[in-house]
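Atoms considered below: every heavy atom in the structure, side chains included; atoms not considered: hydrogens, waters and symmetry mates. For reference, positions follow the sequence shown, starting with 1.
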Amino acid sequence: MSTVQNAPLNLGVLTQLFKTAEQADLYRYVALTAAILLFHYTLTGFIAAGSMRSKIFTEEFMTTNFKEEHEKAFPEGRQRDLPKGGYPDMGSGRYIEKATYKQWYEFNVGQRIHYHYLESITCVISWILIGGLEYPEAAIALGGGYGLGRVLFHIGYATKGPRGRAIGFVLQGLSSIALVILAFVSSIQIGKRLSPN
């Protein structure tokens, strides 16, 4: 075995990430903020897109429109059974073509709410965790602002269509910009503190 694998964990470097013990103690709330946002993201997928999927792609809808065609394409094997819930259609595929325009529109609004969240959640969580090392209160507040923006985006888009997303979009967008700046500043501050010179 190499000496790296047998080396004891150096907690000294980890404790140096924080300026004060209070900062280190507050970091648990930074992590909690990130966890809440990830949980909310997961719920958004079920609420925004999943609820519409179950309303449109019922067993009756799938059987009436696709059972014969599906069984012809997959006469035997694991794929023989007609998929439940309209999978793998994500709103622009073959199954949704049999839905009404209103169903197509509402399903795609739900998909867009979920995908828009997906497009930014990884970066936002990273910025919260990095920024929170040096500025925990700011990271928590900005993470909360981002979360509120996501809720307003979802409600506005779901009830008023694309025009209804503006307030939520602006709030989550400004929070994201502030978080990226916070993460860079935090990284520079930590780098200075950990630098041997």
Side-chain angles (χ1 to χ4, degrees), residues 1-52 109-160 162-197:
M1 287 194 167
S2 72
T3 55
V4 173
Q5 290 175 333
N6 294 327
L9 180 62
N10 182 357
L11 293 176
V13 173
L14 291 176
T15 58
Q16 290 175 15
L17 287 175
F18 302 103
K19 278 193 290 195
T20 65
E22 181 185 5
Q23 234 180 357
D25 190 51
L26 281 172
Y27 196 75
R28 73 176 93 182
Y29 299 108
V30 172
L32 180 61
T33 301
I36 289 169
L37 286 173
L38 289 169
F39 180 69
H40 181 252
Y41 163 72
T42 302
L43 282 180
T44 298
F46 289 112
I47 294 167
S51 64
M52 286 307 302
V109 163
Q111 290 290 83
R112 191 65 205 126
I113 290 167
H114 187 228
Y115 289 162
H116 191 267
Y117 209 156
L118 175 63
E119 291 165 2
S120 63
I121 190 67
T122 305
C123 294
V124 168
I125 294 299
S126 300
W127 298 329
I128 289 170
L129 295 175
I130 295 167
L133 290 168
E134 190 71 16
Y135 304 102
E137 296 96 340
I140 293 164
L142 291 168
Y146 175 84
L148 178 60
R150 295 303 330 167
V151 169
L152 294 173
F153 182 93
H154 181 153
I155 293 168
Y157 209 158
T159 58
K160 299 176 183 170
R163 290 184 182 170
R165 64 192 169 160
I167 293 170
F169 180 81
V170 169
L171 181 56
Q172 65 90 29
L174 292 174
S175 297
S176 295
I177 291 167
L179 279 165
V180 86
I181 293 167
L182 189 72
F184 275 110
V185 172
S186 180
S187 298
I188 292 166
Q189 294 298 321
I190 292 168
K192 287 179 182 177
R193 194 167 51 255
L194 296 178
S195 176
N197 295 334

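If you take OG on S120 and OH on Y115, they are separated by 15.0 Å, rounding to the nearest 0.5 Å. Rounding to the nearest 0.5 Å gives a distance of 11.5 Å between CD1 of I125 and CD1 of I130. Note that the CD1 atom of I47 and the CE atom of M52 stand 14.0 Å from one another [nearest 0.5 Å].
A donor-acceptor pair under 3.5 Å links the side-chain atoms of Q23 to the main chain of E134, judged by distance alone.
The minimum heavy-atom distance between T33 and G144, with the atom names listed, is CG2-N, 4.3 Å. Looking at every heavy atom in both residues, A139 comes nearest to G131 through CB-C, 4.2 Å.
Contact check for I128 versus L142: no side-chain heavy atoms found under the 4.5 Å cut-off. Side-chain atoms of V30 and L26, non-hydrogen and from C-beta on, never get closer than 4.5 Å to each other.
The neighbour count for E119 CD, taken as heavy atoms of other residues, nucleotides or ligands under 6.0 Å away, is above 12. Environment of CD1 in I167: sparse, with no more than 12 heavy atoms of neighbouring residues, nucleotides or ligands closer than 6.0 Å. The neighbour count for Y27 OH, taken as heavy atoms of other residues, nucleotides or ligands under 6.0 Å away, is above 12.
In this structure, R150 satisfies the cation-pi test against F153, with its NZ or CZ atom closer than 6.0 Å to the six-membered ring centre and inside 45 degrees of the ring normal.
Two rings, from Y157 and H116, have their centers 6.0 Å or more apart.
Side chains of Y117 and H154: no donor on one and acceptor on the other come within 3.5 Å.
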